[in-house]
Peer 1: 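Mind looking over this structure? Questions follow.
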Amino acid sequence: MKQYLTNLFLKSSEKLSYLKEINLFFDIPKSEAHGDLSCNAAMILSKKLKKNPRTIAEEIVLSLDFDKKIISKIEIAGHGFINFFFSKEYIPQIIDEIIKKDEEFGKSEKYKGKKANVEFVSANPTGPLTVGHGRNAVIGDTVANLLEWSGYDVEREYYFNNAGRQMRVLGDSVRLRYLELLGEKIEFPEDYYQGDYIKEIARNLFDQFGSRLISEPAEGIFKQEAEKEIFKSIRSTLERIGIFHKIFFNENSLYEEKKIDKLLSILKEKDLSYEKEGAVWLKLSEMGNEQDKVIVKSSGEPTYRLPDIAYHCNKFERNYDLMVDLFGSDHNDTYPDVLAGLKALGYDSEKVKVLIHQFVTVVENGEIVKMSTRKANFITLDELIDEVGKDVVRYFFNMRNISAHMNFDLDLAKKQSDENPVFYLQYAHARICSIMKMVEKESIKISTENLYLLTSDEEQKLLRKLHLFEEEVLYSAENYEPHRICAYLVELAAAFHKFYTFCRIIGSEHKLAEARLSLASAARIVLRNGLRILGVSAPERM
RNA sequence: GCCCCGGUAGCUCAGUAGGAUAGAGCAGCAGUUUCCUAAACUGUUGGUCGGAGGUUCGAAUCCUCUCCGGGGUACCA
C-alpha cells in the first residue's frame, strides 16, 4: 500500500516540484476514521512554502492521479493531514500474493548480493553458557535471520580466546580438582572456577589416566581437556536452540599467522602508536576518542584492543558488506577504541555495526535471582531450556528491545497457559491447521476467486495486518530490532483470533467459505514465516 | 567525575525519521462454549509518559538541566 502511494507521489512531484524537497512518509493512523494511511507532507511544507497546510494538501490531492479501484477515498483532515482509504476490493489481493510466495513471503531482495557477518555468543570456553549468554545467542541468531530475509548472504561467527590468564586459571582449577581426587590436600583459591563442571572434567581425566597426570602442568592436558569439554557443551547447548555458527574464529590464529605483529608494525609506520613507559600506546586521542590506550603492556603482552582490531581487519579482508558485533553492556567501552583504530587504518568502520544488549535479570517467585559466574551460582542456559523448552527461550529473549533491561520471569515462562505469549501465537497457527484439516471433508477449497466477499470488519483488519508483514521484516532487519517481529505477530494472532470468533468458515455460503479459508491460509503462512524468523516452531496441533 | 542504556497503567512492556483521543498482555471486575481447539473472544477499571524548562501549528518522541536504577570507566576481556 505504501509503495503504491509512494509511486503516486513521485508522479505528482513532476507537477509539484516542492514534493521532491521532503522525505515522504506514510503513517498508519491510530483511528480508523483517519483512513488506512496518512501523510503529513502538507504540514511539513507549510512553513517552507509559507502557505496554509490545508491549501497545500488540496493542491497535492488534486495532483494525484489515482486508481479508484485501489483508493476509494482521499480526505483532508485536521491541520492538513491527507488520509487515504483503500478500497475493500484492493485489500484482499494480498492473499493471492501470500499463497503464491508461501515460504518466501516476507523476504526482500533489497540487499541481494551483499555479504554480512554476524558475530555473537563469543564466550570463552571457561564454563557453560548462562542465561545472560542466552540473550546474546538468541538475538544474534535472530538478527542473522532478519538479515537473510532482507537479502543478505549471512555468515554466523563465534570468536573465542583459548589463551591468557583466564584459561590458565581454568586449567589449574581442573588440575587442583584432579589432585583432590588423588587424595591430595589442596587449597582451592577463591578466584578459581568453582563450578561442578570442573570436577566432572577432573573426574574424566582421573577415570582415563588414573594418577599418571600427577605432575602434568596446568596448561597442558588439563587446560586442553577443559577447553574441549566445555566447547562441546557450549555447542550442544546452542544446537538445542537451533543455533549453528559457520565459523569458530580462534584469537590465537592471529598470533600464529603473525597478524598481530603485522598490525603493530603498520600502526607504527602510520604513526598511530608510540612507546611510553615500556608499553605501546594507541593514539586514540588523535582519532577523536577521549584518551590514548595501551595496546601492548610493558610485560610484552597485548591488551584485548590489539587482537580485536586485528580480528576486524581480518573480517574486512573477507570482504563483508556488513559486520555485526553483538555484545552485552559490560563491553560497551571496548568498541569505540576498536572502531577508531579501524578508521585510522583506512577501513570503512561504517560497515561495522555494534549492537549492545542490556542484561537479563531472572525473576523467580517474584524475586530476583542473583547470579555470579565465578561462584557458579548461575542458572545455565541448558537448565533454562530444560525448564521451559526451546520455543519459550527463543521467544522470551526476542520479545524485548535489546537496549532495555530484561526481566526473565521464570514462573511465567514455565506456565503452559494463556499467560504465556508464545502459546498465543502458536495456538493461532494450530487453530488454522486444524480448520484446514476439517474443511477437507466439506469440499471447501482454497480459492482466491471471490476475495471481494471479505468485507467484514474482522476480515479487513486481518488483511491489513497481513499487508504489513513485508515492511515489518525489512524495518526490523534494518534497525536490528527482533522484538518488533514479536509485537507484530501478537497483533496478527489477535486479529486472527477475532476473525476466527466472528467469521465462520464451515457453514458459510460456499464462495464466502472459500474466500475465508484462503484468508486463514494466508494468515497461517505469515504466522509460520514470522515464527521461523524468531526460530520458534509453528505446531500444527496443540 | 565522565561515558552507554533504561525510567510510560498495580506488574511486564510496546510506541521516538515529532502528528490527530498515549497502547498491549497479565493481574482486577463483569460476561461469552448445543457452533471450524475457551491456550480463544466481548465489555470494563486503571496514566501528572520520573521531574523542570525550552524548540513549534503540534513533544512520550528533539534540546538543556535534574532525580532514580543498571552497566562501564585498567598496562582484565
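Sequence lines set the chain letters: A, B, ... in the order given, protein chains first and strands last, and positions in each chain run from 1.
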Peer 1: Regarding A:Asn401, tell me which of base, sugar-phosphate or nothing describes its non-hydrogen contacts under 4.0 Å with the strands shown.
Peer 2: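 Counting heavy atoms under 4.0 Å across all strands, the contact made by A:Asn401 is with sugar-phosphate only.
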Peer 1: When the nearest nucleotide of RNA chain B is assigned to A:Ser403 and to A:Thr501 on a heavy-atom basis, which residue is associated with the more 5' position?
Peer 2: A:Ser403
Peer 1: Would you mind reading off the distance between A:Glu364 atom CD and B:C11 atom P, rounded to a whole angstrom?
Peer 2: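 Going from A:Glu364 (CD) to B:C11 (P), I get 21 Å.
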Peer 1: Could you work out the separation of B:G53 and B:A59 based on their P atoms and round it to a whole Å?
Peer 2: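 14 Å, rounded to whole Å.
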Peer 1: Provide, to the nearest angstrom, the distance between the CD1 atom belonging to A:Ile356 and the P atom belonging to B:G6.
Peer 2: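 Taking CD1 of A:Ile356 and P of B:G6, I get 12 Å after rounding.
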Peer 1: Under a 3.5 Å limit for both distances, which nucleotide forms a Watson-Crick or G-U wobble pair with B:G1, could you say?
Peer 2: B:U73
Peer 1: Side chain of A:Asn407: nearest nucleotide among B:C13, B:C5, B:A39?
Peer 2: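 Nearest to the side chain of A:Asn407 among the choices is B:C13.
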Peer 1: Taking pairing as Watson-Crick or G-U wobble with both contacts under 3.5 Å, can you name the mate of B:G43, or confirm there isn't one?
Peer 2: B:C29
Peer 1: Please identify each residue that fulfils salt bridge (charged side-chain N to carboxylate O under 4.0 Å, His left out) with A:Lys293, with sequence neighbours left out.
Peer 2: A:Asp337
Peer 1: Pick the C1' atom in B:A60 and in B:U48, then give their distance to the nearest Å.
Peer 2: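 My reading of the C1' atoms in B:A60 and B:U48 gives 13 Å.
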Peer 1: Considering only atom C1', compute the distance from B:A14 to B:G6 and round it to an integer number of Å.
Peer 2: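 It comes out at 15 Å once rounded to the nearest Å.
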Peer 1: Between B:C11 and B:G28, how many Å separate the two C1' atoms, rounded to a whole number?
Peer 2: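 Looking at atom C1' only, B:C11 and B:G28 are 12 Å apart.
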Peer 1: Separation of A:Asn398 atom CG from B:C13 atom P, in whole Å?
Peer 2: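 Going from CG in A:Asn398 over to P in B:C13 covers 15 Å.
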Peer 1: How would you summarise protein contacts on nucleotides 17-29 of chain B per nucleotide, using B for base, S for sugar-phosphate only and - for none, with heavy-atom distances below 4.0 Å?
Peer 2: B-BB-----SS--
Peer 1: Mind checking if A:Met438 touches a base, just sugar-phosphate, or nothing, with heavy atoms under 4.0 Å?
Peer 2: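 The residue A:Met438 makes sugar-phosphate contact but no base contact.
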Peer 1: Over how many whole Å does the gap from A:Leu355 atom CG to B:C5 atom C1' extend?
Peer 2: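 Checked: the CG to C1' distance equals 14 Å.
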Peer 1: Can you tell me, in whole Å, how much space there is between the P of B:C36 and that of B:A30?
Peer 2: 28 Å
Peer 1: Counting only heavy atoms not in A:Glu509, do more than 12 fall under 6.0 Å of its CD?
Peer 2: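 Buried by this count: over 12 neighbours within 6.0 Å.
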Peer 1: What's the gap between B:C5 and B:C29 when it is taken at their P atoms, as a whole Å value?
Peer 2: 41 Å
Peer 1: When rounded to the nearest Å, what value does the distance between P atoms of B:G46 and B:C63 take?
Peer 2: 34 Å
Peer 1: Over all heavy atoms of both residues, which pair between A:Asn136 and A:Gly328 is shortest? Give the atoms and the distance, please.
Peer 2: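 Closest approach of A:Asn136 to A:Gly328: ND2-N, 4.2 Å.
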Peer 1: Output yes when at least one side-chain N/O atom of A:His497 is less than 4.0 Å from OP1 or OP2 of B:A39, else no.
Peer 2: no
Peer 1: How close or far is atom C1' of B:C41 from atom NZ of A:Lys498, stated in whole angstroms?
Peer 2: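 That distance rounds to 9 Å.
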Peer 1: Tell me every residue that passes side chain to side chain donor-acceptor pair (under 3.5 Å) with A:Tyr274, counting only those two or more places apart in sequence or in another chain.
Peer 2: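 Only A:Asp292 meet the side chain to side chain donor-acceptor pair (under 3.5 Å) criterion with A:Tyr274.
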Peer 1: With syn defined as a glycosidic angle within 90° of 0 and anti as everything else, classify B:U21.
Peer 2: anti
Peer 1: So A:Met406, base contact, sugar-phosphate only, or nothing? Heavy-atom distance under 4.0 Å.
Peer 2: sugar-phosphate
Peer 1: Kindly write out the residues that satisfy side chain to side chain donor-acceptor pair (under 3.5 Å) with A:Thr142, not counting sequence neighbours, or none if the list is empty.
Peer 2: A:Arg394, A:Asn398
Peer 1: Would you mind reading off the distance between A:Phe423 atom CZ and B:A38 atom P, rounded to a whole angstrom?
Peer 2: 17 Å
Peer 1: Would you classify A:Arg484 as touching base, sugar-phosphate or nothing, given that sugar-phosphate means primed atoms plus P, OP1 and OP2, and contacts are heavy atoms under 4.0 Å?
Peer 2: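 A:Arg484: backbone/sugar contact only, no base atoms under 4.0 Å.
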Peer 1: Please state the C1' separation for the pair B:G23 and B:G15 - nearest whole angstrom.
Peer 2: 7 Å
Peer 1: Mind checking side chain to side chain donor-acceptor pair (under 3.5 Å) for A:Gln460 and listing every partner two or more places apart, or none if nothing turns up?
Peer 2: A:Arg464
Peer 1: Give me the ring orientation class for A:Tyr488 and A:Phe469: parallel if the planes are under 30° apart, tilted from 30 to 60°, perpendicular past 60°.
Peer 2: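 Ring orientation of A:Tyr488 relative to A:Phe469: tilted.
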Peer 1: Hunt down the Watson-Crick or G-U wobble partner of B:A17, both distances under 3.5 Å, from any strand shown, or write none.
Peer 2: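 Base partner found: none.
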Peer 1: Using both distances under 3.5 Å as the test, list the Watson-Crick or G-U wobble partner of B:U61, or none.
Peer 2: none
Peer 1: Determine, for nucleotides 69-77 of chain B in 5'-to-3' order, which nucleotides have protein heavy atoms under 4.0 Å from the base (write B), from only the sugar-phosphate (write S), or from neither (write -).
Peer 2: BBBSS-BSB
Peer 1: Applying the ring-ring contact (aromatic ring centres under 6.0 Å, His included) criterion to A:Tyr311, which one of A:Tyr159, A:Tyr304, A:Phe160 satisfies it?
Peer 2: A:Tyr159
Peer 1: Would you mind pulling out the nucleotide paired to B:A24, Watson-Crick or G-U wobble, both distances under 3.5 Å?
Peer 2: B:U12
Peer 1: Using a cut-off of 4.0 Å on non-hydrogen atoms, how would the nucleic acid contact of A:Ala428 be classed: base, sugar-phosphate, or nothing?
Peer 2: nothing
Peer 1: Mark yes or no: A:Arg431 above the aromatic ring of A:Tyr500, with NZ or CZ under 6.0 Å from the six-membered ring centre and no more than 45 degrees from the axis.
Peer 2: yes
Peer 1: For A:Arg135, check side chain to side chain donor-acceptor pair (under 3.5 Å) against everything at least two apart and list the hits.
Peer 2: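 For A:Arg135 there are no side chain to side chain donor-acceptor pair (under 3.5 Å) partners, ignoring immediate neighbours.
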Peer 1: Per the salt bridge (charged side-chain N to carboxylate O under 4.0 Å, His left out) rule, what does the pair list look like for residues 477-490 of chain A, sequence neighbours excluded?
Peer 2: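 Sorted result for residues 477-490 of chain A: A:Lys110-A:Glu478, A:Glu472-A:Arg484, A:Glu481-A:Arg484.
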Peer 1: Going by the ring pair (Phe, Tyr, Trp, His ring centres under 6.0 Å) test, which pairs reach into residues 23-43 of chain A, not counting sequence neighbours?
Peer 2: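 Those involving residues 23-43 of chain A are A:Phe9-A:Phe26.
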Peer 1: Find the distance A:Phe396:CZ to B:A14:C1' and express it as a whole number of Å.
Peer 2: 16 Å
